[in-house]
Each structure stands twice: as C-alpha cells, then as structure tokens.
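Structure first, then comments.
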Amino acid sequence: MLTTVDNKKKYSIITYGCQMNFSDSEIVSSILDNNGYKSSDDYINSDLILLNTCSIREKAELTVRKKLESFKKLKKKNSNLKVGVLGCMAERLKEKFLIEEKIVDLVVGPDAYRDIPNLLREVEVGNNAVNVILSKDETYGDIDPSRFSSNGISAFVSITRGCDNMCTFCVVPFTRGRERSRDPKSIIQEISKLRDEGYREITLLGQNVDSYLWYGGGLKKDYKNASELQKKTSLSFSKLLELIAVNFKEMRIRFTTSNPQDMSDNVLTVMAKHKNICKHIHLPVQSGSDKILKLMNRKHTIGEYKELIDKIKKIIPNCGISHDIITGFPNESENDHKMTLELMNYVKYDFGFMFKYSERPGTLASKKLKDNVPEKIKQRRLNEIIDLQQKHSYFNLKNYVGKNCEVLIEKESKKSSQYWCGRNDQNIMVVFPKKNQKAGDLVNIKIDDNTSTTLIGSS
Ligand code: SAH
Ligand code: F3S
C-alpha cells in the first residue's frame, strides 16, 4: 500500500454539487485527519479516494459515474486503492451502488460520516462497508472542519441540515433527511476560531437557513412538542444572525439559501441594521406561475413573492437579489413560461441559477406527474430565461459604474496575476489592478466598467 513518510495513508476528497457538500467534505477531512490519514491533492497517488456526490439532477449523477469509471484504470495499477462514495448519491442508491459500480468499496450517507473510520477498518479486512442511516440530531457541531481547500479568507459555516419542505421535484429531503438546527454555541465557537485564524467572511449555510430554530436539539418538526421553557428560550434565524453580527463586527456575514415562505421581516431589519451583514439575498422562486408553484408544492404564491421582493427593496434599498428557476416542469405551458419571464422583468434579479427540469426517482413529481415538456421546448425556454437574466445582470451591473464599492480581496484574478478579485456587498465579483494590498483586505474600489457577470474597477 502507498504510504507517506510518516506512514499515514493518503486520502483525497473530490467534491461535487452544492456548498453544503463542500462544507461536509471539510468535516469528513477533519474526521480522517484525526484517524491516522493524511490529506493529499494528488488523488492519482492516494490510498483512498472519496467522492462527495450530488443527486440534484441526472446530469450531476452522470458526472460522478464517469469519474468512477475513470478510476478503473487506477485500481488496476494499485490494487490497494480504496474508493468511497459519500453524499446524496450514496444515500439515494445505498447498497445498490456496490453492485452497479463494482469498484466502490465504501458507501456513506450525509449523516454517517462519524462512522467512516470504522467502515474503513471493515474495508481493510476485505468487507464492503455501507452506512446510510439518516439522523434526527446529527449536525457535526463539535467537529472542527479542516479547511483543506480554503482561500483562508472566507469560509462556510453550516447551521442547519436536511430539509422538510418536500418540493415535489427535489431529492434533497430524501438524501439529507429531516431538518435540524445546530447548537448556536458551537456555531459561535467555530466563527471565533475562524476569526482568530484570520478569516474575514463567513457564509451561514443550510438548505433553508431562514427556518433555523434552536430549542435544545432535535428535529424542527418536533418543535411543537417542546417544553414551554424550550420554546421561551428558543433561537430563530434573525436572532442568530444578529448575535453573530454583534459578536463579530470585524467579519462579513453572508447566508444561503433563503426560502421565500420562511423569510421573516425580522431578518430584513437585522440585515438593514448591521453593516457587516452583506446585502444579498438568494431567493429561489423556481417558476413565475402559481399553477406550477402549486404542482411543485412551493408554499407561496407569486403575489406573496412579489410582496416579499417589494419589502426587501424597501427595507434594504441596495440589496442584491438572485434566484433559482426551473424550466419545463411537468405541465408547464407557454403561458406559465411567459409568467416566469414576467416575474423576472418585475424583480430584475442581479444573477441566478437556471435549470431544465430533471425528473428524480422517488420524488412526488416523478410518481404523480408526467415529464411531459419535450426536451427541445425545455431547452428553448431555458435559453430565453438565460438571455433575459443576462440582460438584467448587465443592466444592474452597469448601475455600479462610476460608483464606489467595498470589496473583500479573496485572491488573485484567474485571468491575470496583475489583478485582484473579490466580491462586493451584493455578492458581485469585482476585479481590479493590484496595488500594495493583500488578500483579506477590505478595500474601496471605484467601478469603471462591467460585463454581465463582473465589475471592473480601480483602487
Ligand atoms: N434550498 C436548497 C435548494 C437545493 S437545490 C438550497 O440550498 O439551494 C438547488 C436548486 O436546484 C433548486 O433551487 C432548484 O432550482 C434546482 N433543482 C432542484 N431539483 C431539481 C430538479 N429535479 N430538476 C432541476 N432543477 C432542480
Ligand atoms: Fe429541495 Fe425545496 Fe428543500 S428545493 S432542498 S425540498 S426547499
């Protein structure tokens, strides 16, 4: 078996999918570091390769399968190499994975990462190892994530796990289990450590952060059975956000993702009150048609969504707003699609993530609704949505030209070593020529030009 000089086995984690997966990989890495393994960027020469996977759309799963296929050669060269699958695909396919992808030795779902050292011992003695048990209270709150691929400036801090919303298209409630919130003490501890290590920005993470609710632990859905004392001393997202903003004045605070049904006025007023909370809200809408929202089991109407947008613009006038939209959901008519374009014209989002509907096995939509919008039409609608978003992005970014923005320098620009890049308050990427600044500095940048995705400035 390949080993490093200090005799530790080398592992590499390759992460796909959402920010939550990247955050989870840091937890898995910490667990392995504490159990005699050593992290390596060079997966080709590792003893253990872990793929942290995504199931959100079929394409995401196909990418993972392709990667696994490419490991066949590696395994032939190094018969001791072990391959593990973590995350949502592990949870969705369970033992089936071991049969379908013969090169997989280890399958671990998102709530079972503490068991990885035991499972690896099983693998060492030639057994296949699977743990996909979902938990009621696991939040990995006590685990200090190993920031193995971080820029040292901004970090993710996870505050909730799972999701109870059961949007009919979405596989997340099945792969990540029921929603639970993390102990605020451990959140504050993690942020303190990041501050002491020189980090300048955190992003609070959850499938649905606005629904954060700490009442001593346990599932969100069991809150109704909590004692009077637990209810009295419970902590909501707006309170948590304010607590962090007040205690970490020198840090920038972001959060994602917000679900329109759960975003409270209190969150908006806390955002407006504290300068260090970045003025950006990612507010997925999925569709501009009430008929489609209902079929998706989204718990709000377009009227309510627009009211929320108006409120955001009133309480936080300079707030950046972004979206997720799905095109071609079952039964989406041309008129429904037009309503999505209309909504986009109403909000004029700064940016967004746009997807074609992908039927996911096991979801309610896959059971009850026929995936009946032809591929060609899905694609055409997606193109129209992307084109409109580009127009809005370009127009919104143009508004910054001639003005000044505060930017946190994150790293050198990918395109030129003569430029820095970082994000402004509204989460828009800004690039500018280097002067005598360093990564981690908060600088005032005059915006001179823009594309539809980037602001170009000077200090
Ligand atoms: N609340 C979550 C949403 C996770 S999924 C969050 O933290 O962002 C991210 C986005 O993927 C969703 O908002 C939705 O727009 C898209 N998505 C989810 N399931 C999908 C599917 N079956 N087909 C296409 N897009 C999907
Ligand atoms: Fe998925 Fe809807 Fe939750 S999109 S993650 S079920 S809010």
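Residue numbers run from 1 in the order of the sequence given. Just follow the structure's listing: the first ligand is 1, and inside any ligand the first atom is 1.
The pair E406-R252 does not meet the salt-bridge criterion, since no charged nitrogen lies less than 4.0 angstrom from a carboxylate oxygen. At a threshold of 4.0 Å, the pair R178-D137 does not count as salt-bridged, since none of the basic side-chain nitrogens sits closer than that to a carboxylate oxygen. Using a cutoff of 4.0 Å between basic side-chain nitrogens and carboxylate oxygens, R195 and E201 are not scored as salt-bridged.
Residue contacts with ligand 1 include G206, since one or more of its heavy atoms lies under 4.0 Å from the ligand. Residue contact annotation: R176 has no non-hydrogen atom under 4.0 Å from ligand 2. Proximity of N259 to ligand 2 is established by a heavy-atom distance of less than 4.0 Å.
Ligand-side atoms of ligand 2 in range of F169: 4 (S), range being under 4.0 angstrom from any heavy atom. Every atom of ligand 2 is numbered from 1 in the order shown, and the set under 4.0 Å from a heavy atom of P173 is 6 (S).
Neither the backbone nor the side chain of P284 has a heavy atom within less than 4.0 Å of ligand 2. Residue contacts with ligand 1, taken as heavy atom pairs separated by less than 4.0 Å, involve F169 via backbone and side-chain atoms alike. When heavy-atom distances to ligand 1 are checked against a 4.0 Å cut-off, I326 comes that close only through its side chain, counted from C-beta outward.
When the options I143, D144, L32 are evaluated for a side-chain contact (heavy atoms from CB on, under 4.5 Å) with I27, the one that passes is I143. Put simply, the residue from E359, Q286, R57 that forms a side-chain contact (heavy atoms from CB on, under 4.5 Å) with F169 is Q286. Evaluated for a side-chain contact (heavy atoms from CB on, under 4.5 Å) with S154, the options R200, R423, M251 yield exactly one hit, R423.
For K313, the NZ atom counts as densely surrounded, since its 6.0 Å shell holds more than 12 non-hydrogen atoms of other residues, nucleotides or ligands.
Here C163 reaches atom 3 (Fe) of ligand 2: one of its N/O/S atoms is less than 2.8 Å from the metal. Because the distance cut-off is set at 2.8 Å, C170 fails to qualify as a neighbour of atom 2 (Fe) of ligand 2, as none of its N, O or S atoms comes that close.
Below 30°, between 30° and 60°, or above 60°: for Y140 and Y113 the angle between ring planes is below 30°, a parallel geometry.
R180 forms no cation-pi arrangement with Y215, by the criterion of a distance under 6.0 Å to the ring centre and an angle within 45° of the ring axis. A cation-pi arrangement, defined by a distance under 6.0 Å to the six-membered ring centre and an angle within 45 degrees of its axis, is present between K231 and Y223.
Taking all atoms of both residues into account, the shortest heavy-atom contact from H280 to D425 is CB-O, 3.9 Å.
Among all protein heavy atoms, the one lying closest to atom 6 (S) of ligand 2 is C167 N, 3.5 Å. Ranking protein heavy atoms by distance to atom 11 (O) of ligand 1, first place goes to R57 NH1, 3.2 Å. Nearest non-hydrogen protein atom to atom 8 (O) of ligand 1 is T257 OG1, 2.9 Å. Atom 5 (S) of ligand 1 has its closest protein heavy atom at I56 CD1, 3.4 Å. Taking atom 24 (C) of ligand 1 as the reference point, the nearest protein heavy-atom neighbour is K356 O, 3.3 Å. Counting protein heavy atoms only, atom 15 (O) of ligand 1 is closest to Q286 OE1, 2.7 Å. The protein atom (non-hydrogen) at minimum distance from atom 13 (O) of ligand 1 is D324 OD2, 2.6 Å.
Taking each of M354, Q207, Q19, R298 in turn, the one with a heavy atom nearest to atom 2 (C) of ligand 1 proves to be Q207. Around atom 23 (N) of ligand 1, the closest heavy atom drawn from S55, C167, A60, S358 belongs to S358. In this structure, of V172, D324, V171, the residue bringing a heavy atom nearest to atom 5 (S) of ligand 2 is V172.
The shortest N or O to N or O distance between C170 and ligand 1 is not under 3.5 Å.
Between H323 and F351, the ring center distance fails the sub-6.0 Å criterion. Between Y11 and Y43, a ring centre-to-centre spacing not shorter than 6.0 Å is recorded.
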